[in-house]
Number of protein chains: 2
Amino acid sequence: MLNERKKKILRAVVYNYITTAIPVGSRTVAKKYRLHLSPATIRNCMADLEESGYLTHPHTSAGRIPTDKGYRFYVNSLMERADLSLEEKIRIKKEYSHRINRIDQIMEETSQVLSLLSHYTGLVLAPNLEKSIFHHLELVSLENGRILSILITGSGLVKNKIIETEKILPKERLGEILNLINDRLSNLPLKRIKEFISDQLKIETSARKIWELMNQIFTWDGVEELYLGGRINILEHPEFKDLARSKSIFQALEEKRLLAEVLSKTASSEGVRVLIGKETRCRKIRDLSLVTSTYRINGRPVGVLGIIGPRRMEYSKVVSLVDFMAKMVSKVLTNLSHTTKV
Amino acid sequence: MLNERKKKILRAVVYNYITTAIPVGSRTVAKKYRLHLSPATIRNCMADLEESGYLTHPHTSAGRIPTDKGYRFYVNSLMERADLSLEEKIRIKKEYSHRINRIDQIMEETSQVLSLLSHYTGLVLAPNLEKSIFHHLELVSLENGRILSILITGSGLVKNKIIETEKILPKERLGEILNLINDRLSNLPLKRIKEFISDQLKIETSARKIWELMNQIFTWDGVEELYLGGRINILEHPEFKDLARSKSIFQALEEKRLLAEVLSKTASSEGVRVLIGKETRCRKIRDLSLVTSTYRINGRPVGVLGIIGPRRMEYSKVVSLVDFMAKMVSKVLTNLSHTTKV
DNA sequence: CTTAGCACTCATTGAATGAAAGTGCTAACA
DNA sequence: TGTTAGCACTTTCATTCAATGAGTGCTAAG
């Protein structure tokens, strides 16, 4: 375990590196952070911290920079949370005060706000359909047996897709099915409906075609949408002044499927979650950090939002921001959701 | 007007610069393009071309590079169209052969294909709603007088938005209106419907509330969606190795509204359109070129697709690609559209 | 245990240098 | 008169070299 002095020095190094982006030397620590110690003493301490894996050297004659372990300790034990300023809070609230026309607009704007206030890249993973409540279905028959299926969730999210059927169903029959679905299944979790249909598909043999159609309607495999805001912010930070590096980062950010996967893994935990560098368990973004939180509708976790940026990130600020935003979005979505009264 | 020799030299310079990205000297031209002229003669000619504004110097002792005017002349009069290879055509067709689940998926994929085959950034401006045919409307009443309005166009495009009404309409009344709209207005151009409503709003005084609701339902101001594919490709090209520059380009590409505007301006003309550098009439992308074409549904122009990249662009290839893709998308969308039989 | 002092190590910077590439001009040539 | 060879001049680019300076590790004294 680290003694008080080492903690103080580690904290000074991490903090200084986060704010300045240049490796921190013993002299700097001695001068800036009134520890009443000489540079030499601090040097000894820093050497110890390096030995225990909290700090590294870029090269022999440079100052120290934190390792993933160093950042982790800082985030867990050393940093104090930097609350948002009143202005920032007002600014955020203002963004959500105007009329909302579409749910996906909320996601889009949230990712923008996250990036704007953090100067990193904002992420919003749209509500997971599996976890959503079924509200309403519309079927519009197109030609050639194609059916346009439009599903509306309890939170007002609208998803549509085209279903191809072999046999053209008469319009009245389609209407019947539709009415049945809307009357019987409304306000049930989509997951439950899906399971129910799977079960029926195993048992039923008579109205098989209908159940297969139902199955298609309620199957939405992995089309979870990810909204990214402020990708360019990546370029603002000195660690990516090297083009080759930032190129690979951009490539990773283009791969929404990849990011969505990493994000959805963090969905389970309570509160704000921080993943530092290699902790993301994903090679392509191993030089980045992720700060995420779950947003909820009526207390049920449905999606994830957060920020992605360099490992050298202002964690204290970002954690507060992400926390606040998750609560904000939860409130907005819950307000909009009409299942409140159920 | 340029004589034959000058044309040949201009063409050689532009072509060589497009393929190599390094300023072209007289020696290079003499060697590579069997013009049977000495470097000195070519130098004289190039000096003339510079005087007439087709070429410039980055600095005194560098080779020549084309100006916007030079590129323009090349595109209009000198280049020969490079048709797509059979493999490329097959590859494109393959992309559209699998099942299509959503219309916006077509847009998304098209932008990807455009970027993949050109190594520049692909653009697709979604079908303009004004120019679309109305097919079907759904209204789902949420709580607090909110109505979720879902509009389906003839091409299967689904747009949704939430409408806030002061007075809560009884469900039956809403159903009546809905039926009326779907029975009477189906297959009419949205633009015509919009005009009709505007007229009624001026005349009618009795059922004013209803007409105002109708107006809200059919008003979709400027939410034209722009799909971008392969933004990172910008970084591949040497002219953007400078970070500051590529940053401003990325910023411009983030501004979808701006791009959408530039694109929609090109919608009018027939065939493939090329805008070079300043011709885009937009400061932020004055170092880029745009190659666009209109795609159609049943022969009616509805949207624009194309490519954006550095001025030093392989116009001959890109023009062919954009042309082919526009035809491809037109075919796919027309096939999908069910107004064929009307 | 703390600190001053010192030798040592690298990264960074800036100046100097020398190709390389290319031009413009002049004068000779066909 | 148009074309070409030759040459002086520019400018960029890569390389080398030394100076600079920030920072370390170690040792010995306080």
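Per chain, numbering begins at 1; letters A, B, ... match sequence-line order. None of these values were measured; they are calculated from a predicted model.
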**OP:** Looking at every strand, decide which applies to B:Thr41 at a 4.0 Å heavy-atom threshold: base, sugar-phosphate, or nothing.
**Re:** base
**OP:** Take the protein atom CG of A:Asp48 and the nucleotide atom C1' of D:dC26, then report the distance between them rounded to whole Å.
**Re:** 14 Å
Subject >> Shortest side-chain distance from B:Arg43, nucleotide among C:dC25, D:dT24, C:dT2 >> reply: C:dC25
Subject >> Whole-Å gap separating P (C:dG24) and CG (B:Asn44) >> reply: 9 Å
Subject >> A:Phe250 ring center near B:Phe250 ring center (under 6.0 Å) >> reply: yes
**OP:** Looking only at side-chain atoms of B:Ser26, point me to the closest of C:dA21, C:dT23, C:dT3.
**Re:** C:dT23
Original post:
Hey, does the side-chain of B:Ser38 have a donor or acceptor N/O within less than 3.5 Å of a partner on the base of D:dT4?
Top reply: no
**OP:** Write down the distance between NZ (A:Lys241) and C1' (C:dT12), rounded to a whole number of angstrom.
**Re:** 11 Å
**OP:** Tell me whether the OP1 or OP2 atom of C:dC10 has a side-chain N or O from A:Thr60 closer than 4.0 Å.
**Re:** yes
**OP:** Determine the minimum heavy-atom distance between A:Tyr120 and A:Gly309, stating which atoms define it.
**Re:** CD2-CA, 4.1 Å
**OP:** Kindly state whether the ring of A:Tyr54 and the ring of A:Phe73 have centres lying under 6.0 angstrom apart.
**Re:** yes
Subject >> Side chain B:Arg27 and base C:dG22 donor-acceptor under 3.5 Å >> reply: no
Subject >> Any side-chain heavy-atom pair of B:Leu235 and B:Lys241 under 4.5 Å >> reply: no
